[in-house]
Amino acid sequence: MQLADKYSSENIEQKWYDFWMENNLFHSEPDAREPYCIVIPPPNVTGMLHMGHMLNNTLQDVLVRRARMQGKNACWVPGTDHASIATEAKVVAKLKAEGIDKSTLTREEFLKHAWEWKEKHGGIILQQLRKLGASCDWDRTCFTMDEPRTAGVIKVFVDLFRKGRIYRGVRMVNWDPSAKTALSDEEVIYKESQGKLYYLRYKIEGSDEYIVVATTRPETILGDTALCVNPNDERYKHLAEDARVIVPLVGRSIPVIRDEYVDLEFGTGALKVTPAHDVNDYMLGEKFGLEAIDIFNDDGTINDKVGMYVGVDRFECRKVIEGDLTAAGLMEKVEPYTNNVGYSERTGVAIEPKLSMQWFLSMEELAKPATKAVMEDIIKFVPTKYKNTYRHWMENIKDWCISRQLWWGQRIPAYYLPKGGYVVAETAEEALRLAQEKDSTITMSDLRQDEDVLDTWFSSWLWPISVFDGIRYPNNPEIEYYYPTNDLVTGPDIIFFWIARMIMAGYEWRNEKPFANVYFTGIVRDKLGRKMSKQLGNSPDPLDLIAKYGADGMRVAMLMSTSAGNDVMFDEALCEQGRNFCNKIWNAYRLVNMWEVDNAIAQPDYAKEAIKWFDEVMLERIERVHHNMAQYRISEAFTELYRLFWDDFSGWYLEMVKPAYQCPIDSATIARTKHYFDELLRLLHPFMPFVTEEIWQDLRSENDPISICIASEPKAERKADEGILSRFSLAEEVITAIRNIRKQKNIAQKEAVSLHYIADENYPAEYEAVIRKMGNLKEVEAVAEKEAAASAFIVKTTQYFVPMEGAIDKEAELKKLTADLEYLEGFLASVMKKLSNERFVSSAPEKVVANERAKQADAEAKIAALKEQIKALK
RNA sequence: GGAAGCUUAGCUCAGUUGGGAGAGCGUCUGCCUUACAAGCAGAGGGUCAGGGGUUCGAAUCCCUUUGCUCCCACCA
């Protein structure tokens, strides 16, 4: 094969992805092999790929590809999430742009638009994942709102209802006035906001006195139904037991109540009570039997209950009321104030606490086995620090508001009867049957299904079960084979939304964990540490990066910068590094590939030596990679391979066995070299699938599998020989020292030099041919005495000399030797200090003491040698 | 207000049961050497945030201070 001198990912990646698909290499069916399964965290169906997806899916692909190469039946199930609020908001916006207002459409008409949108945009994100090389089983692609998943969700709802876990009731919920729906507590994000604290005057009835109340939300005076003070507050002791005050502007008379809930320190110590629009006021209202006046429409404008400011938006109303209060002399003062305001996770608007009728799921029982599973490491969290977060939430879990006032989603299967009451059933027919048990005259047209849909997470929490249709068919062969899945890779931001709930669902419907391990990724930030966002414009388009650096380059960037649970500081330079690594692999292959083989020539000594060493290197590194991967230290595992290929294989081994220019190579060496190359590619393949396949295909012989995807992962058959590795490192040191001398003395690599040494047990004689070649030595000779006319160095205890032609710089040599001597004497002193410490020698482990003694011996030998060299020089 | 995590080279981070401070990138020097300048060879760079303790011995364990991150709570 003729190879270009630079690696280009351009045509290669698409070619091999197509090849993998044509050969169905990612498809999995249950069989006798051990399964390995990952379910993808389903991205929003209308979403676009961002850097977080790149990170997350690179890691999943590494795990899946590796499992596949280990001979497991690897199955990575892809899919998308219907993301009810986000998608509905997008569809509403799109319709609005076309001049269609959602409110003019029927549910059916709207859903038709929504499905059209989904068909058009849905799945783009999955197409994008293919560019990354994701080895998903695309035949299994699921959607949280497709028919099997929807049926599962409905079945689960009915099941929970029958178990008495689902109830309906009026509660204070988080209302999103933009999406016009209730949200769960988890969907509210609190942020510090600059606001104002308004001091309002409430006139005491039958008196000219005022009580001043501090509030951040003056517009809610419309809903005030009491004023509350602390019973211990001296400032208000004089008030009559049944005192009443007049709500400013509104003119309504409300009672003054007394409760210790009120903080004496805050504001004026007087609190206005608006039970319909504040969680704490709501509790006061319950306690004192106050009326709750809901003053807002669903979109956050003022309704007509009070007859003032009707139709005005809540924030506009705040400004108007501020002016009106001031004009009426009812505003004492206004102060700047910073407080926490809740915002909708999806639409970004400020949440309005609102009383409304919603469906709730009681969580306490569900949480119990799920908490236990994580705390007892039946499900392992990587890193473990998230166990604490998890436990805290689980132990304080609140009921889950599962109804959403949207259309895009699974409609709640509750059917209301004409004369009140309702039934819950999987189908309308079943609902009718149940209804008729209550009232035999009811017909289908009498039943009215609940208008609300379910929270998206109410379908996602079933994902590891539902992708195998295990809700509807709990005993089907697929769910029995693949469940529980092995690894889940996701961000800690959805630990409550998703992970915790999947664990609960797993135990509830399969009495078994949904996955064995959860690997938490961090957030991808830019190199300044800022979160990537559209507003900041600091989020690169991953597809652009892939086009520029290749998918493999992109993957390397992700792998180099990530460790479990830590944020990723993304820097485009890392992609460049990844691309360079691809090029390095490519060129290493180009070198090996261009050698002409001559079967007649014998294997040179240097090649024998290099192979003897590199066999051990491979064993050692394979073991380390394996060890790192077992602990999910994916970044370290990759770095290990990166250095193995670049430094040890390319920098040392290939240079050692490389034949002289235009000379052929012997058959034994080329065979072994290609064997290493094959192993290295197989080790690298899970991390860099494309470049490894491209080269491996050229290397592949007939009996090999058709793709590296299904080739086997190299294993270390035995432990590496430490002795060989440490002896070789002496040779490496000698070569480096020679290179150093060349550099210092300005001797070109081309110019051969001599090396003399005083033989002792630390002279690596078995690598002499390698030293000779790598050092470009014309002779290597043992001598009896140190030489003056030479650059000298010491490795371990062996003295070496590179004879210099002409005079050497005595002063410079002496200076260097003296500096070395000083350092060594200091080092020896510190070693001796330890060894002369009675308590160290008696309490430290034998190994450590022996090590110190070896250091002592080495240092002493070196010092003696240095002294001799100095003497010889003088 | 409460919890957790972090603080190691200029930058990003490893450092596994306590026993010689590491990597990648960047920097500096020299090389367009016939696989690769997307490269090669070499070098410099750290009081392991500060303080205290345990120990023969601490980046590592304990206490404490500082700074950062994040989660939970939501007093108007």
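Sequence lines set the chain letters: A, B, ... in the order given, protein chains first and strands last, and positions in each chain run from 1. Note that these values count all heavy atoms, side chains included, but never hydrogens, waters or copies made by symmetry. Please read all numbers here as calculations on a predicted model, not as lab measurements.
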Which is true for [X] with a 4.0 Å heavy-atom rule: it touches a base, it touches only sugar-phosphate, or it touches nothing?
{"X": "A/E751", "result": "nothing"}
{"X": "A/S635", "result": "nothing"}
{"X": "A/W646", "result": "sugar-phosphate"}
{"X": "A/R742", "result": "nothing"}
{"X": "A/K750", "result": "nothing"}
{"X": "A/R739", "result": "sugar-phosphate"}
{"X": "A/K658", "result": "base"}
{"X": "A/T215", "result": "sugar-phosphate"}
{"X": "A/E636", "result": "sugar-phosphate"}
{"X": "A/Y386", "result": "nothing"}
{"X": "A/Q577", "result": "sugar-phosphate"}

(request) Determine yes or no for a side-chain-to-main-chain donor-acceptor pair under 3.5 angstrom, with A/T797 supplying the side chain and A/D858 the backbone. (result)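 No; judged by distance alone, with no hydrogens or angles, the pair does not exist.
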(message) Treating A/S193 as the side-chain partner and A/K191 as the backbone partner, does any N or O pair qualify as donor plus acceptor under 3.5 Å?
(response)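 A pair under 3.5 Å: yes.
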(request) Could you state the atom-to-atom distance from NZ of A/K743 to C1' of B/C31 in whole Å? (result) 8 Å
(message) Nearest whole Å is fine: how far is B/U69 P from A/D567 CG?
(response) 12 Å
(message) Just to be sure I understand the geometry, which residues of residues 186-202 of chain A put a non-hydrogen atom under 4.0 Å away from RNA chain B?
(response) A/Y190
(request) Would you jot down, in residue-number order, the residues of residues 256-263 of chain A having a non-hydrogen atom under 4.0 Å from RNA chain B? (result)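 Hits under 4.0 Å, by residue number: A/Y261, A/V262, A/D263.
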(message) When the C1' atoms of B/C11 and B/G30 are compared, how many Å lie between them, rounded to an integer?
(response) 25 Å
(message) When the C1' atoms of B/G24 and B/A14 are compared, how many Å lie between them, rounded to an integer?
(response)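 After rounding to an integer number of Å, I get 10 Å for this pair.
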(request) Specify the residue among A/W595 and A/G267 whose closest nucleotide of RNA chain B lies further upstream toward the 5′ end. (result)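 Of the two residues, A/W595 wins.
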(message) Is it the case that the ring center of A/Y386 lies less than 6.0 angstrom away from the ring center of A/F520?
(response) yes
(message) I'd like to know whether the aromatic ring centres of A/F649 and A/F677 sit less than 6.0 Å apart in this structure.
(response)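 Yes; A/F677 has its ring centre under 6.0 Å from that of A/F649.
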(request) Rounded to the nearest 0.5 Å, what's the gap from CD on A/E572 to NZ on A/K548? Could you check? (result) 4.0 Å
(message) I'd like to know if A/N340 reaches the base of B/C74 with its side chain, counting only an N/O donor and acceptor under 3.5 Å.
(response) yes
(message) Looking at every heavy atom in both A/Q577 and A/Y642, which two are closest together, and how far apart are they?
(response) NE2-OH, 3.2 Å
(request) Output yes when A/K387 and A/D377 qualify as a salt bridge under the 4.0 Å nitrogen-oxygen rule, no when they do not. (result)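 Yes, this pair counts.
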(message) Out of the candidates A/K834, A/K847, A/K833, only one should pair with A/E852 under the salt bridge (charged side-chain N to carboxylate O under 4.0 Å, His left out) rule; please name it.
(response)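 Per the salt bridge (charged side-chain N to carboxylate O under 4.0 Å, His left out) rule, the option paired with A/E852 is A/K834, out of A/K834, A/K847, A/K833.
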(message) As a test of your reading of the structure, name each stem of RNA chain B as range with range, where a stem is three or more consecutive Watson-Crick or G-U pairs at under 3.5 Å.
(response)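 Stem segments, range with range: B:4-6 with B:67-69, B:10-13 with B:22-25, B:27-31 with B:39-43, B:49-53 with B:61-65.
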(request) Classify the ring geometry between A/F496 and A/W393 as parallel (under 30°), tilted (30 to 60°) or perpendicular (over 60°). (result) parallel
